[in-house]
Each structure stands twice: as C-alpha cells, then as structure tokens.
> 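Sharing a structure, written as structure tokens. Questions coming.
Just so it is clear, the structure is predicted and the values come from calculations on it, not from any experiment. FYI, the numbering just counts along the sequence from 1.
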Amino acid sequence: MTTFARGTDTLTRDALTVLQPGFTGTTAPDWLLRRLGQGLASVGLFGRNIASPEQLAALTAQLRAEREDVLVAIDEEGGDVTRLEVRTGSSFPGNHALGAVDDVELTRQVAAELGRRLAACGVNFNWAPSADVNSDPDNPVIGVRSFGADARLVARNTAAYVTGLQSVGVAACTKHFPGHGDTAVDSHHAMPRIDVDAAVLAERELAPFRAAIAAGTRAVMSAHILVPALDPERPATLSRRILTDLLRGELGYDGLIVTDGMEMQAIAGTYGIERGSVLAVAAGADAICVGGGLADDDIVLRLRDALVDAVRSGELPEERLADAAERVRALARWTAADPARTRAGDAADGDVGLRAARRALKATVAESFAPVIEPPYVASFTPVANIAVGDETPWGVSAELLRLLPGTQTGGFAGPDAGNQVLEAAGARRIVAVVRDEHRHPWMAAALDTLLKARPDTVVVEMGVPQAAPRGALHLATHGAARVCGRAAAEAIAGA
C-alpha cells in the first residue's frame, strides 16, 4: 500500500494530482493503478463502473490498496441522476421533490442516508448537490435536478443537503457555479449564456452558493456557461474573474474547485480539452473532471503533459498548479481523517427516500375521478434523455403498478401520432399517461389532448417539472422520476 507518489518529479506528480479521470469496467485497469502510484489522487465513477454495492466496495478497496487516501468521486444526485442505482432507479427522490416538500430536516436526512450508502461502498466524494435555481422552466439539463425556482428555497435546502452528506464523511461538491438554472442550452452540447445583470446574479444565482459555503461545502463545481455580467469573454470554468475574484475573493470560499466534465462540448468543442484544462487551472480550478466520455490512459497522459508543458512555457505558474494539487490532497486528508465519521450521526433510515417521495407527491383530482381497480394500460411518453440523466435508468410507474395491479400492461410512445397509438394499444383498459416535462414537448401535450378528448378518465402522471396545468381525471406531480417517486404515484393510482 502507498499513499505517496513514486518515481515522478514534483511537477509531473502535481499535474496528475489535479486530474479526476474515469475508466471503463467494473475493476480498476492496470493503467489506473499505475497512475495512482505516480501521483493521481482522484478517480471518477459512473454507471458503467457499478454492478452492485458489493462489487463497488471491492472496486474502491482495489483503488485504496494502491493509494489509501484516494478520492473516489461519483455523480450521485439521487432522483433522476443516479449511478449507484443506475439499472433500477434511485431509492431517493431528487432535489425537485425535496424542494416541493421544503423541509430542511428531511433534506438533511435524505442526504445523510444517501451518503451512508456511498460511504459503505467506499465512495467519499459526491458531485452533488445541484444548487442551480431553475428560473428558466425550459431548461433542458437542470429541471428536476434543481430544488426549485425560488433562490431562498434552493439556498436553505442546498445547505441542508451539504450538511447531511458531509455528516457521514462524504465530501459534497456544490454545483454548477455560478448557476446553470437560467439557461435554455445544455452545456453537454454547446455553450449556454446567462444574460442578466450582476444584481440579479447576486440575489438569485449566488444565494445558494453562499449558503453552501456557510454550511462548509468541501468542493464547488464550476459551470461551462458564459455570464457576460461577470466575464464577457470566458465561460466560468475558464474565468479567473469568476473562480478566483468572485468565488474565492468576494464569497470567501477556500475549498476545492472542480470543473464540470471537460469533454462536454461547451469546452471541448470551443477550446479543446488540453487547452481548456490549462486555462481552467490558471483561472483557479483545482481539479479537472474528465472521464464521462473519455476514459483511458491516453487522455490522462495528454492532460498531464499539457499542464506540465504549460508550466514549463510560463503560461501556467508552477505555484498555481502546486496550490491546486495541495487542495486536492487536503480534501483527501479530510475524507481519510476519521473513518468512524461514516458511522456517525443518525441511525440508518432505509425508508427515508420513500417517505420523502410520498410527501412530494401532489394530486389534483377531478370530480369525475374513479379509482383504478383493474389492471390499466400505462403509456409512457418518452422524451430524449439529457446526457446527465442518461437513458440506462428505468423510470415511470409501470413496475410498481404491475406489483399492485397484476396484469398491468405498458408501452412507450413518442412523436406526433403518439395519442392515437396509445388509444389503439390500450383498447378498453383504463389509461395511465406518464409524461416528463409536458410543457417542453409540444408533441407530448398534443398526445394528452388526444387521449383526454377520447378518454377523459385518463390518469396523468407528470414526472418532470410540473409547469403545465394539471389535467386528467387524476393528475399526479411526482417532481422527479426516481424509482421511489414512481412507487408513490402507483400507490395513489391504485389506492394502496
């Protein structure tokens, strides 16, 4: 076992230390273990790396056998964005459901229980929570990942989430600074832009980050967004004005600054990942997240060498790289300092996620509603998933309704003729229509028009942001598509 790098000079070791790469497979490849021995201090995990809690625990033990203080990071927001339960759906509702309840103690309890499950598998760094204020209801990438559209609500729940997660020894990474909520572009695909003045930003976007900093968040993740009121030239991830002058200076933050994935097109398609990584560290970032789509030794070596070359050419001050590497090591020391902390706090509460999902459910019942007592036909109107959520994770109410009403049938639909297709497929069965962000998809709204005209007894379940007006004999807003949200909705439909 080793904690310190072997056989590399200080500059090269520091360049490796600031990288947070991913990899493929459910065991650590040789190249990754070798780089851990040379200075790499962080590893990012994704759904492709996880088959079961037992396998994940074995994987993290394999990493720690090479470097005992390694930061093992994951993108586990709960709700729609889950890696720990990527093939089943999450046991925890996401931020939007927690914001709909707006009980900060409940938010803290959910985050603590999620953290306990991560810690039990050897994960000590979570790229969560999202502190974005979802002020643009058409936002294609944040949506239910946000606690809501009210800055004060988002701020108090963000602070509670940070407190809960870190109470069990898992470092929180509050994202996406300075706020990704008021965007209509997904930064996985292109460069979003927020055109509001500094006063609005201070009152709305920055409020949750101030709360997270006050709560002691150990990390903050930058957003690949252009905010002209703060920096008219460079996106936040590459902006010294935003990362150093604002986040470190004005807001007084002294923890780790992590970039969002550098392979996202907002950076990779504009600057390239090597150039972008150098600019990010120069701007004040301490850790370079890469590996969601690029996950091999070649990318690690390319970024390591780009950082080393930038120092040697004078473009990147060696002191800045050394400072960044030391901040990574400081966080690693915090996570490794007290393993008993992962067992501290409240007793384990495996049902807290379901209780939260039930509390988040909002039902609008028409006078004509009659309970669903026979196996229905569940029609899922499926939009294209954004990259952060992915399309591996099941969602909806079908599985839970099948358990409660054996014989339930289901189908997935999309496109301009979806409504008529559902009517044909359902036959005489009662229809349960499951939508996700109806207000953002005209075809989805049109399908509901068709269904409700022909079958007014249809039940509508909205599993995205409930922006459209409730309609149907029974309308259920789950505020997210986690597995437990589907269960809460199924219980309401079946009267369980």
Side-chain angles (χ1 to χ4, degrees), residues 93 96-97 99-103 137 144 148-149 354-383 395-413 417-482 484-496:
H96 208 55
V101 179
D102 194 20
D103 177 341
V144 294
L354 180 57
R355 292 202 311 275
R358 287 168 174 161
R359 288 182 63 185
L361 189 69
K362 180 180 179 181
T364 304
V365 185
E367 290 184 8
S368 60
F369 174 68
V372 179
I373 58 175
E374 298 293 332
Y377 187 87
V378 179
S380 296
F381 295 127
T382 308
W395 65 282
V397 301
S398 301
E400 293 296 335
L401 272 178
L402 182 62
R403 181 177 62 84
L404 296 172
L405 296 171
T408 294
Q409 294 183 0
T410 187
F413 302 86
D417 199 39
N420 288 319
Q421 292 171 357
V422 172
L423 289 172
E424 182 177 354
R429 287 174 179 259
R430 187 84 172 269
I431 297 172
V432 176
V434 186
V435 297
R436 209 166 178 175
D437 289 350
E438 178 200 339
H439 68 283
R440 292 201 304 114
H441 303 286
W443 68 265
M444 201 178 285
L448 286 184
D449 290 342
T450 299
L451 284 185
L452 293 172
K453 182 178 179 180
R455 301 285 295 276
D457 63 344
T458 294
V459 174
V460 178
V461 183
E462 170 62 86
M463 303 195 80
V465 176
Q467 187 74 17
R471 52 182 174 155
L474 171 66
H475 184 279
L476 297 172
T478 62
H479 300 92
V484 287
C485 295
R487 179 172 174 180
E491 291 170 348
I493 293 167

> Rounded to the nearest 0.5 Å, how far does CD of Glu438 lie from CZ of Arg471?
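With rounding to 0.5 Å, CZ (Arg471) is 4.5 Å from CD (Glu438).
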
> Between Thr478 and Glu462, is there a donor-acceptor pair closer than 3.5 Å when you use the side chain of the first and the backbone of the second?
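Such a contact is found between Thr478 side chain and Glu462 backbone.
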
> State, to 0.1 Å, how close Ala492 and Leu474 come at their nearest heavy-atom pair, and which atoms those are.
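Answer, listing the atom of Ala492 first, then Leu474: O-CD2, 4.5 Å.
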
> Do Leu405 and Pro376 have side-chain heavy atoms sitting under 4.5 Å apart?
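Answer yes - side chains close enough.
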
> Donor-acceptor pair, distance only, cut-off 3.5 Å: does the side chain of Arg436 make one with the backbone of Gly396?
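No.
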
> To the nearest 0.5 Å, tell me how far Phe413 CZ sits from Gln421 CD.
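Between Phe413 CZ and Gln421 CD, I get 6.5 Å after rounding to 0.5 Å.
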
> Using atom types as modelled and distance alone, determine if a side-chain donor or acceptor of Thr458 lies under 3.5 Å from a backbone N or O of Leu452.
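Not confirmed, Thr458 side chain does not pair with Leu452 backbone.
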
> If you look at every heavy atom in Ala363 and Leu476, which pair is closest and at what distance?
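The pair with the smallest heavy-atom distance is CB-CD2, 3.6 Å.
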
> Is any side-chain heavy atom of Arg487 closer than 4.5 Å to a side-chain heavy atom of Arg403?
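Yes - at least one pair of side-chain heavy atoms lies under 4.5 Å apart.
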
> Given side chains that start at C-beta, do those of Leu401 and Val372 come closer than 4.5 Å, heavy atoms only?
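They are not in contact (no side-chain heavy atoms under 4.5 Å apart), so the answer is no.
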
> Closest approach of Gly419 and Ala447, non-hydrogen atoms and distance?
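Where Gly419 meets Ala447 most closely, the heavy atoms are N-CB, 3.7 Å.
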
> Between Pro137 and His439, is any pair of side-chain heavy atoms under 4.5 Å apart?
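They are in contact (side-chain heavy atoms under 4.5 Å apart), so the answer is yes.
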
> If the plane angle is over 60° it's perpendicular, under 30° parallel, otherwise tilted; pick one for His479 and His96.
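Because their plane-to-plane angle lies in the 30° to 60° range, the rings of His479 and His96 count as tilted.
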
> Which heavy atom in Val461 sits nearest to a heavy atom in Ala489, and how many Å separate them?
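Minimum heavy-atom contact is CG1-CB, 4.1 Å.
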
> Could you grab the distance from atom CG of Asp457 to atom CG of Leu451, nearest 0.5 Å is fine?
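Interatomic distance, Asp457 CG to Leu451 CG, rounded to 0.5 Å: 10.5 Å.
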
> First locate atom CE of Met444, then atom CG of Asp449, and finally report the distance between them rounded to the nearest 0.5 Å.
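With rounding to 0.5 Å, CE (Met444) is 13.0 Å from CG (Asp449).
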
> Of all heavy-atom pairs between Val397 and Ala490, which one has the smallest distance, and what is that distance?
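Reported closest heavy-atom pair: O-CB, 4.4 Å.
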
> Is there a side-chain contact between Val422 and Arg455 (heavy atoms, below 4.5 Å)?
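No, every pair of side-chain atoms sits at 4.5 Å or beyond.
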
> For Pro375 versus Gly407, what's the shortest heavy-atom pair and its separation?
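Nearest heavy atoms, Pro375 then Gly407: CB-C, 3.5 Å.
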
> Going from CD on Glu491 to CG on Leu361, what distance comes out if it is rounded to the nearest 0.5 angstrom?
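If I round to the nearest 0.5 Å, the distance is 9.0 Å.
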
> If you measure from CG on Leu423 to OH on Tyr377, what distance do you get to the nearest 0.5 Å?
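Reported to 0.5 Å precision, the distance equals 10.5 Å.
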
